[in-house]
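Accompanying notes for the structure given below.
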Amino acid sequence: MFFSTLQLNHEFLADENVLATHRDISFYQNLLLNKIGSSQPFILTSNFNFLAIKKRLIMMTKNTSKSKATLMKLALLAVFIGLTTTLCAQLYSSKESKSQLYKPKKQR
């Protein structure tokens with residue numbers, strides 16, 4: 001599974017590079033479909049992995065604005081900081097309450 005995810009990520013990067021250079025999405029999509037469809041014309045089963053190709057074709061036409069990406073990163077950062085602060089405060093307060101419970105009494 002890890003290898004296929006790594007391979008799919010590599011294909012996304014390759015697609016992005018090709019489209020940045022040539023800018024003709026529909027031609028490139030047709031080229032991919034023709035390449036995959038004509039690789040083995042006389043077999044009874046298909047090597048066409050619909051999910052991987054479908055993901056690649058969708059990613060080619062997907063537009064993500066820089067402002068939306070930045071907003072998502074800032075939201076994730078805010079959630080991370082909030083969780084970290086909350087967990088550290090709970091941990092610190094639990095340590096204080098335990099130390100007060102077991103405080104030795106002063107001898108006279």
Side-chain angles (χ1 to χ4, degrees):
M1 170 117 178
F2 175 72
F3 180 71
S4 64
T5 305
L6 188 64
Q7 184 179 6
L8 188 61
N9 190 28
H10 181 264
E11 290 173 354
F12 286 151
L13 293 173
D15 292 340
E16 182 181 13
N17 191 13
V18 168
L19 293 174
T21 307
H22 297 291
R23 305 237 185 248
D24 193 359
I25 295 173
S26 61
F27 175 75
Y28 185 64
Q29 288 175 336
N30 287 328
L31 184 68
L32 281 176
L33 291 173
N34 289 335
K35 177 69 177 166
I36 291 169
S38 67
S39 63
Q40 294 178 350
F42 299 113
I43 59 173
L44 297 175
T45 60
S46 173
N47 279 345
F48 187 68
N49 187 352
F50 287 105
L51 187 58
I53 296 300
K54 184 178 177 182
K55 284 181 183 178
R56 286 178 69 186
L57 295 177
I58 289 171
M59 289 300 289
M60 285 180 209
T61 58
K62 195 174 193 177
N63 291 329
T64 304
S65 66
K66 289 195 182 263
S67 60
K68 184 177 179 181
T70 304
L71 184 64
M72 291 296 288
K73 287 178 185 177
L74 288 174
L76 186 62
L77 181 64
V79 168
F80 178 72
I81 290 172
L83 284 173
T84 304
T85 304
T86 303
L87 293 174
C88 288
Q90 288 176 353
L91 182 65
Y92 183 73
S93 67
S94 68
K95 281 184 179 179
E96 279 186 349
S97 63
K98 284 181 182 178
S99 67
Q100 288 176 358
L101 288 175
Y102 299 112
K103 207 177 230 184
K105 294 183 180 183
K106 292 182 182 178
Q107 298 287 331
R108 289 188 196 195

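Numbering of residues begins at 1 and proceeds along the displayed sequence. Just so it is clear, the model here is predicted, and its values are computed rather than measured.
For the atom pair CG of Leu13 and NE2 of His10, the computed distance is 7.0 Å after rounding to the nearest 0.5 Å. To the nearest 0.5 Å, the span separating CG on Leu71 from CG on Leu76 amounts to 11.5 Å. Put simply, CE on Met72 and OG on Ser67 are 12.0 Å apart, with the number rounded to the nearest 0.5 Å. We find the CZ-OG1 distance between Phe80 and Thr85 to be 9.5 Å, quoted to the nearest 0.5 Å. Here the CD-CG distance, from Gln29 to Asn34, works out to 12.0 Å after rounding to the nearest 0.5 Å.
Between Asp15 and Leu32, the shortest heavy-atom contact is OD1-CD1, 4.3 Å. Nearest approach of Tyr28 to Arg56, heavy atoms of both residues: OH-NH2, 3.8 Å.
Using a 4.5 Å heavy-atom threshold, the side chains of Phe27 and His22 count as separate. Residues Leu77 and Lys73 have side chains not in contact (no heavy-atom distance under 4.5 Å, counting atoms from C-beta outward).
Put simply, the side chain of Asn30 gets close to the backbone of Ser26: a donor and an acceptor are under 3.5 Å apart.
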